[in-house]
Amino acid sequence: MTHADWKAFLTAQGAHWDDAHVTHFGDTPDNACAEKRAALAALGEGDTHILCDLSHYALLSAHGADASGFLQNQFCNDVRKVSPLQSQLNAYCTPKGRILAFFRLFQRDDCYYLRLPREILEPTLKRLRMFVMMSKVTLEDASDTLLRIGFAGPQAARRLASRVATVPAATDAVTQSDGLTIICVQAGTRYEIVGEFPALSALWTQLSAGAMPVGERSWTLQDIHAAIPEIVSETQEAFVPQMINLQGINALSFKKGCYPGQEIVARMHYLGKLKRRMYLAHTDDEATIAPGETLFAEGSDSGQGVGKVVRAQSNPDGGTDLLAVIEISSAEQRQLRLKNVDGPLLKLLELPYMLEEKQ
């Protein structure tokens, strides 16, 4: 469910909805293609900016005297580093080290929030509550209490600074300003902003004067180009943290204490050799590609395929951009294909960040 006033507000701005998702702004679905072009242009050095509703993400709140310690014992990143001025990417694993949820964790008003896909909110909330026991912590769905938007473009920091008192400069940094929690997801150019309806709707109105409103697929396309993974129902328990490059985006700590799956994650880091990791790729194929779809390579010894799609989104100039976890030896030596050994060819692209793995 989406906050009724917020949905009415965005609908008046031209939003078209699919349940809790804004698909596009405008009269026809073709607008989504123009919005994606704007999203890619906003990653460049011009003057294009986008404004996106993030209602397709949910918020899970954790508050109480033991909230910090409880979360620290559950997640793979160091929760002690989260503060009202610092967020982090983080993950929740099974005892076998397989990821159940990947999320951004931040603080606001003495409460922790996990921003994660709506479709995995309920199973994540249910599982976490199983381990509360005597801890003084309350876990709740806060999705309709605090609303979320994204703002991106080459001058995003400067434009935000003209509207609010303080803007975070570094990636993962946070400011609390004018009733808004402003999270920097990419230094100077991409921000997630969280707040209640009056403050957030006012900011949207101000920013929309110089930015194109876009649907959630455009924000997803930017995430893919930033090589930021996502875990949905089709990919839960499919990967360990290093497979989706969490060590490359400051989403994994090897020095914190115990958490579910810690022994397996640490063993891979200190003693093992990573055999699969996440790649950024493109295919000219126009067909819809879903998370969890299998990748194949001729001559591979793996009868189960050599990789899985993490997330994908059509490119407005043709084909599909995607993130996929792929067998490293196959990525280096073989042609990769989607769906089957004769399927669409995959072209690997350069990651936007460096990976340093202990081999």
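When a residue number appears, it is its place in the shown sequence, counting from 1. The structure displayed is predicted, hence computed values, not measured ones.
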Checklist outcome for this item: Taking every heavy atom of Thr171 against every heavy atom of Ala187, the minimum-distance pair comes out as OG1-N, 3.1 Å
Checklist entry - Sub-3.5 Å donor-acceptor pair from the side chain of Ser135 to the main-chain atoms of Val137, do we have one? => result no
Checklist entry - How about Val82 and Leu71: do any of their side-chain heavy atoms sit closer than 4.5 Å? => result no
Checklist entry - If you take all heavy atoms of Ala312 and Thr320, which pair is closest and at what distance? => result CB-CG2, 4.0 Å
Checklist entry - Are Tyr57 and Ile50 grouped together when hydrophobic residues (ILVMFWY) are joined by side-chain heavy atoms under 4.5 angstrom apart? => result yes
Item to check | Contact list for residues 305-319, test salt bridge (charged side-chain N to carboxylate O under 4.0 Å, His left out), sequence neighbours left out | outcome: Arg37-Asp317, Asp223-Arg311, Glu230-Arg311
Item to check | Check against side-chain contact (heavy atoms from CB on, under 4.5 Å), Leu322 and His282 | outcome: CA-CA 6 Å; Leu322 65 141; His282 176 83; 5.8 Å; no
Item to check | Reported SG-to-CD distance for the pair Cys258 and Gln74, which is rounded to 0.5 angstrom | outcome: 12.0 Å
Checklist entry - How would you list all residue pairs meeting salt bridge (charged side-chain N to carboxylate O under 4.0 Å, His left out) that involve residues 233-249, not counting sequence neighbours? => result none
Checklist entry - Taking it one step at a time, do His225 and Asp321 satisfy side-chain contact (heavy atoms from CB on, under 4.5 Å)? => result CA-CA 8 Å; His225 279 252; Asp321 297 331; 2.9 Å; yes
Checklist entry - If you take all heavy atoms of Phe25 and Val214, which pair is closest and at what distance? => result CE1-O, 3.4 Å
Checklist entry - So which pairs with a foot in residues 338-349 pass side-chain hydrogen bond (donor to acceptor under 3.5 Å, both in side chains), sequence neighbours left out? => result Glu293-Lys339
Item to check | Minimum heavy-atom distance between Ile120 and Ser233, given as atom pair plus value | outcome: CG2-N, 3.7 Å
Next on the checklist: Between Val22 and Glu216, is there a side-chain heavy-atom distance shorter than 4.5 Å?
Outcome noted: no
Next on the checklist: Suppose the criterion is salt bridge (charged side-chain N to carboxylate O under 4.0 Å, His left out): which pairs have a residue in residues 132-141, not counting sequence neighbours?
Outcome noted: none
Item to check | Parallel, tilted or perpendicular, as decided by the 30° and 60° cut-offs, for the rings of Phe254 and His269 | outcome: parallel
Checklist outcome for this item: Scanning both residues in full, the closest heavy-atom pair of Thr283 with Leu345 reads OG1-O, 3.1 Å
Checklist entry - Taking a hydrophobic cluster as the set of Ile, Leu, Val, Met, Phe, Trp and Tyr residues connected by side-chain heavy atoms closer than 4.5 Å, whether directly or through intermediates, do Tyr259 and Val132 fall within one such cluster? => result no
Item to check | From CA spacing to verdict: side-chain contact (heavy atoms from CB on, under 4.5 Å), Leu89, Leu246 | outcome: CA-CA 8 Å; Leu89 295 172; Leu246 296 197; over 6 Å; no
Item to check | Stacked cation flag Arg190 on Trp219, 6.0 angstrom / 45 deg | outcome: yes
Checklist entry - So His24 and His16, would you call those rings parallel, tilted or perpendicular, with 30° and 60° as cut-offs? => result parallel
Next on the checklist: Is the terminal nitrogen or CZ of Arg127 (NZ for Lys, CZ for Arg) located under 6.0 angstrom from the six-membered ring centre of Phe131 and within 45° of that ring's axis?
Outcome noted: no
Next on the checklist: Please report the interatomic distance CG(Asn245) to CD1(Ile228), rounded to the nearest 0.5 Å.
Outcome noted: 9.5 Å
Item to check | Note, Arg115 side chain near Ile183 side chain (heavy atom, < 4.5 Å) | outcome: no
Next on the checklist: What's the separation between atom CG in Leu221 and atom CD in Gln313, rounded to the nearest 0.5 Å?
Outcome noted: 6.0 Å
Item to check | Salt-bridge present (Glu263, Arg267; N to O < 4.0 Å) | outcome: yes
Checklist entry - With a 4.5 Å heavy-atom cut-off, do Gln222 and Gln186 have their side chains touching? => result no
Item to check | Ile328 side chain near Lys275 side chain, heavy-atom distance below 4.5 Å | outcome: no
Next on the checklist: Between Lys256 and Arg80 (side chain of the first, backbone of the second, donor and acceptor by atom type, cut-off under 3.5 Å), is there such a pair?
Outcome noted: no
Checklist entry - Met212 and Leu203: same hydrophobic cluster, using ILVMFWY side-chain contacts below 4.5 Å? => result no
Next on the checklist: Using 0.5 Å steps for rounding, measure from the CG atom of Leu323 to the CD1 atom of Ile244.
Outcome noted: 10.0 Å
Item to check | Side chain Asp178, main chain Val164, donor-acceptor under 3.5 Å | outcome: no
Item to check | Exam field: side chain Thr175 to backbone Thr166, donor-acceptor pair closer than 3.5 Å | outcome: yes
Item to check | Under 3.5 Å donor-acceptor, Arg337 side chain and Phe296 backbone | outcome: no
Checklist entry - Between Ser61 and Tyr113, is there a donor-acceptor pair closer than 3.5 Å when you use the side chain of the first and the backbone of the second? => result no
Next on the checklist: Does either side chain, that of Ser55 or that of Lys7, offer a donor lying less than 3.5 Å from an acceptor on the other one?
Outcome noted: no
Checklist entry - Does the side chain of Leu351 reach to within under 4.5 Å of the side chain of Arg277, using non-hydrogen atoms? => result yes
Checklist entry - Nearest 0.5 Å, what's the CG-CH2 distance between Leu10 and Trp17? => result 5.0 Å
Quick one: side chains of residues 90-101, donor-acceptor pairs under 3.5 Å with protein atoms, not counting sequence neighbours, listed by atom name and distance.
from, atom 1, to, atom 2, distance (Å)
Asn90, OD1, Cys76, N, 3.3
Asn90, OD1, Asn77, N, 2.9
Asn90, ND2, Gln88, OE1, 2.7
Thr94, OG1, Lys96, N, 3.2
Thr94, OG1, Arg98, N, 3.2
Arg98, NH1, Ala238, O, 2.6

Next on the checklist: Looking at Thr189 and Gly153, would you say the former's side chain and the latter's main chain have a donor-acceptor pair under 3.5 Å?
Outcome noted: no
Checklist entry - To the nearest 0.5 Å, what is the distance between CD (Gln107) and NE2 (His63)? => result 13.0 Å
Item to check | Polar side-chain atom of His49 near backbone of Gln155 as donor-acceptor pair, under 3.5 Å | outcome: yes
Checklist entry - Within the distance-only criterion (no hydrogens, no angle test), does the side chain of Gln242 pair as donor or acceptor with the backbone N or O of Val265 below 3.5 angstrom? => result yes
Next on the checklist: I'd like to know whether CD of Gln333 has more than 12 heavy-atom contacts from other residues, nucleotides or ligands below 6.0 angstrom.
Outcome noted: yes
Checklist entry - Does a side-chain heavy-atom distance below 4.5 Å link Pro344 with Asp284? => result no
Checklist entry - Only one of Thr235, Leu116, Ile231 clears side chain to side chain contact (heavy atoms under 4.5 Å, CB included) with Phe102; which? => result Ile231
Next on the checklist: Please list all pairs meeting salt bridge (charged side-chain N to carboxylate O under 4.0 Å, His left out) that have one or both residues in residues 150-172, counting only residues at least two apart or in different chains.
Outcome noted: Asp47-Arg159, Arg104-Asp172
Checklist entry - Is it the case that one hydrophobic cluster holds both Leu54 and Ile193, taking links as side-chain heavy atoms less than 4.5 Å apart, direct or via other members? => result no
Checklist entry - What's the shortest heavy-atom distance between Gly195 and Arg108, and which atoms? => result CA-NH1, 4.0 Å
Checklist entry - Are Gln176 and Thr181 close enough, and set up right, to give a side chain to side chain donor-acceptor pair (under 3.5 Å), and what steps lead you there? => result CA-CA 5 Å; Gln176 311 285 343; Thr181 299; 2.6 Å; yes
Checklist entry - Between His21 (side chain) and Thr23 (backbone), is there a donor-acceptor pair under 3.5 Å? => result no
Item to check | Heavy-atom side-chain contact between Leu200 and Trp6 under 4.5 Å | outcome: yes
Checklist entry - Same hydrophobic cluster for Met268 and Leu252, using side-chain heavy-atom links shorter than 4.5 Å among ILVMFWY? => result yes
